[in-house]
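In what follows, chains are A, B, ... by sequence order, proteins preceding strands, each numbered from 1. The analysis underlying the following values was restricted to heavy atoms, covering all of them including side chains, and did not include hydrogens, waters or symmetry mates.
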Amino acid sequence: MEALKIDSLTKRFGGVYALKNVSFSVEAGNRLAIIGPNGAGKTTLFNILNGQLTATSGRMYFYGQDISKMATHRRADLGLARSFQVSNLFFNLTVLDNVLLAIQGTESHRFQVFRLTTAYKDMFTKAQQLLSSVDLWGKRNDLVQNISHGEQRNLEIALSLASEPRLLLLDEPTAGLTAAESANIIEMIRKLGADTTVLIVAHDMDVVFGVANRIVVLHYGQLIAEGTPEEIQANSKVKEIYMGNEEGADNAGVD
Amino acid sequence: MGTAKQKSSGFLWQGQLIRFAPHIIGGVIFILLVPFLPTYIQSLMTKILIFAIFAMSLDLLMGYAGVLSLGHAAYFGVAGYAVGILMVHYGINSFWISAPLAILLSTLVAAIFGIIVLQVRGIYCILVTFALGQLLYSIAMKWRSVTNGEYGLTGIIRPDLGLPHFTWHTTSFYYFVFIVFAICFFLLYRLVKSPLGLALQGIREGESRMSALGYNTWLYKYIAFVIAGMFAGVAGVLFAYHNGIMVPPNLDVATSGFVMLMIIAGGMGTLYGSLIGAAVLIIIQFYAGVLTPERWPLILGGAFVLTIMYARAGIGVYLYKLYKKALLAWKP
């Protein structure tokens with residue numbers, strides 16, 4: 001079963017092609033890494049998949065359903081979640097409120113006016129589990145603007161996991177983290193069940209090779225290679241883009 | 001407000017006194033003290049409560065949902081004029097008929113304007129709300145046969161509540177307004193603490209994240225816009241009864257700006273800040289107006305500079321922090 005199918009997606013900003021005729025598909029349960037130098041169109045691709053940008057042409061299918069023209073919030077309802085490269089959190093709310101909002105987002109009571117938020121006990125239980133898994137339960141009453149960058153990155157992941165998505169888009173989840181903090185996040189992604197399909201954009205090769213079983217390489221908006229990590233490592237075109245020589249892609253992507 | 005987390009056991013009575021100080025002070029001033037005050041003060045306090053309802057409605061929209069509006073007086077004015085027109089032209093004096101009709105009308109106007117305003121975002125909302133507000137102002141000015149134009153719609157008297165042995169005087173009208181204020185505060189307080197209220201704050205903080213999480217952000221902002229228009233209508237109804245006359249400036253940009261200043265001065269996104277902001281601005285307007293009828297905005301401006309310098313988040317928030325500090329100081 002294909003969780004996601006992208007069919008000749010093109011995005012043009014004026015005369016510049018951010019994405020040019022990109023097609024690939026992802027089997028359900030797979031972990032696909034999207035790599036490529038800066039400006040390759042990785043985040044643009046996420047923004048289009050998420051619905052925050054509209055593609056110039058091309059289509060996308062989510063479990064067979066055409067979502068090309070669907071509003072962002074409806075895609076979320078279907079089970080598509082994402083994290084952001086630059087933490088996109090509710091900075092003037094508490095850590096707990098951030099997670100509650102994320103959990104509530106796909107629940108039917110989100111329009112409820114006549115009951116207090118505190119009446120939804122199961123939501124609090126879930127928030128506790130989620131925050132404990134990223135070591136933030138102790139900081140639940142802190143405003144997000146007052147917690148550290150690493151903690152904000154963890155919260156960013158927690159928010160994207162809150163709806164138990166079928167397809168999770170992670171945009172540079174470990175950006176700016178220490179090695180130990182990165183390892184933690186890699187571990188979290190590994191632990192996700194097979195019912196969650198993961199697309200991950202990363203520069204950090206530890207993340208790419210630690211998590212992914214498939215890799216797609218973008219370069220100037222074009223898909224230039226697709227395959228297993230071993231195939232990609234052996235691909236001469238990829239080596240050329242990253243290194244301009246024969247050294248291999250292991251330590252590539254450090255800009 | 002009473003979010004202190006202390007255990008009540010082993011608490012000094014002074015601590016409890018401080019804990020409930022805002023409620024006690026508020027209760028004494030707004031409930032017990034009023035009958036003993038001169039009538040002009042009672043009337044001033046009535047006006048404060050009316051504008052507090054008005055300010056809370058704008059706070060829901062601006063402070064919680066983050067939608068800027070410089071035309072909020074439109075819904076206030078529409079409801080006030082509706083009450084006046086029903087009374088003056090149609091002789092309908094029953095509160096139970098004219099108030100619901102007036103509030104329904106202001107809600108409808110908000111429902112129509114909201115669709116137009118929310119086509120744009122952020123600062124552009126200011127322009128569109130301003131333009132729509134001025135449109136209603138022009139109607140109030142030009143539709144003389146109905147609104148009596150710039151001379152204002154006079155002859156609005158206090159409504160018939162249908163209660164036996166009930167007479168209106170300054171004090172009974174004050175308590176009437178107080179009860180309506182208390183109901184509005186309770187409803188709005190529940191609303192901002194509901195799942196929908198939390199969602200509105202999320203939209204204020206980060207709309208793109210909210211849609212990625214599954215929220216139809218436009219619809220939420222629209223709901224907030226319509227509810228805000230409805231509560232502004234409640235304030236407008238009371239204002240018409242209080243003032244006895246509706247004039248076009250009641251729905252123009254000056255009134256919208258005045259109520260916006262109230263929530264900025266009192267503290268946005270707090271609700272109680274609206275009451276404090278309304279009190280501060282109306283007291284300044286009243287006493288500075290007595291002192292120097294033409295230059296009172298100068299004093300208002302000075303007060304604003306001081307607020308921004310010493311209590312940027314708003315006087316209400318500043319007082320709340322002091323209250324929290326006092327609570328901590330008494331922690332055993």
(message) I'd like to verify something: which residue of A:Gln104, A:Arg74, A:Arg75, A:His109 has the highest number of heavy-atom pairs under 4.5 Å with chain B?
(response) A:Gln104

(request) With a 4.5 Å cut-off on heavy-atom pairs, point out which of A:Ala102, A:Gly51, A:Ala81, A:Ala162 contacts chain B the most. (result) A:Ala102

(message) Can you tell me how the ring of B:Tyr220 sits relative to the ring of B:Tyr215, calling it parallel under 30°, perpendicular over 60° and tilted otherwise?
(response) perpendicular

(request) Using non-hydrogen atoms and a 4.5 Å limit, figure out which bit of B:Ile223 sits close to chain A: side chain, backbone, both or neither. (result) side chain

(message) Quick check on A:Leu159 against chain B: is it the side chain, the backbone, both or neither that has a heavy atom closer than 4.5 Å?
(response) both

(request) Could you look at A:Ser163 and say if it's the side chain, the backbone, both or neither that has a heavy atom under 4.5 Å from chain B? (result) neither

(message) I need the residue from A:Gly105, A:Ala76, A:Ser160 with the largest number of non-hydrogen atom pairs under 4.5 Å to chain B.
(response) A:Gly105

(request) Heavy atoms only, distances under 4.5 angstrom: which of B:Gly269, B:Ala199, B:Ser208 has the most pairs with chain A? Name it, please. (result) B:Ser208

(request) Could you grab the distance from atom NZ of A:Lys126 to atom CD of A:Glu164, nearest 0.5 Å is fine? (result) 4.0 Å

(message) Can you tell whether the side chains of A:Lys5 and A:Glu27 come within less than 4.0 Å, N to carboxylate O?
(response) no

(request) Give a yes or no on whether a salt bridge exists between A:Arg82 and A:Asp171, defined as a side-chain N under 4.0 angstrom from a carboxylate O. (result) yes

(message) Quick one: does any side-chain atom of A:Arg59 pair with a main-chain N or O of A:Ser68 as donor and acceptor, under 3.5 Å?
(response) no

(message) For the residue pair B:Thr217 / B:Glu207, report whether a side-chain donor-acceptor contact shorter than 3.5 Å exists.
(response) yes

(request) Name the region of A:Asn50, side chain, backbone, both or neither, that has any atom closer than 4.5 Å to a heavy atom of chain B. (result) side chain

(message) For A:Ala71, which atoms come within 4.5 Å of any heavy atom of chain B: side chain, backbone, both, or neither?
(response) neither

(message) Could you check whether A:Lys42 pairs with A:Glu172 (Lys NZ or Arg NE/NH1/NH2 to Asp/Glu carboxylate O, under 4.0 Å)?
(response) no

(message) With chain B as the partner, which of A:Ile103, A:Asn88, A:Thr106 has the greatest number of non-hydrogen pairs under 4.5 Å?
(response) A:Asn88

(request) Examine whether an atom of B:Leu219 lies under 4.5 Å from a heavy atom of chain A, and if so say whether it belongs to the side chain, the backbone or both; otherwise answer neither. (result) side chain

(message) One thing to verify: whether A:Asp77 and A:Arg110 come together as a salt bridge, which I'm taking to mean a side-chain N less than 4.0 angstrom from a carboxylate O.
(response) yes

(request) Run the salt-bridge test on A:Arg153 and A:Glu181 with the 4.0 Å N-O cut-off and return the result as yes or no. (result) no

(request) Heavy-atom distances under 4.5 Å only: say whether A:Glu156 touches chain B with side chain, backbone, both or neither. (result) both

(request) Heavy-atom pairs under 4.5 Å with chain B are the metric here; pick the option from A:Thr72, A:Leu101, A:Leu80 that has the most. (result) A:Leu101

(request) Check whether A:Gln52 gets within reach of chain B through its side chain, its backbone, both or neither, counting any heavy atom under 4.5 Å. (result) side chain

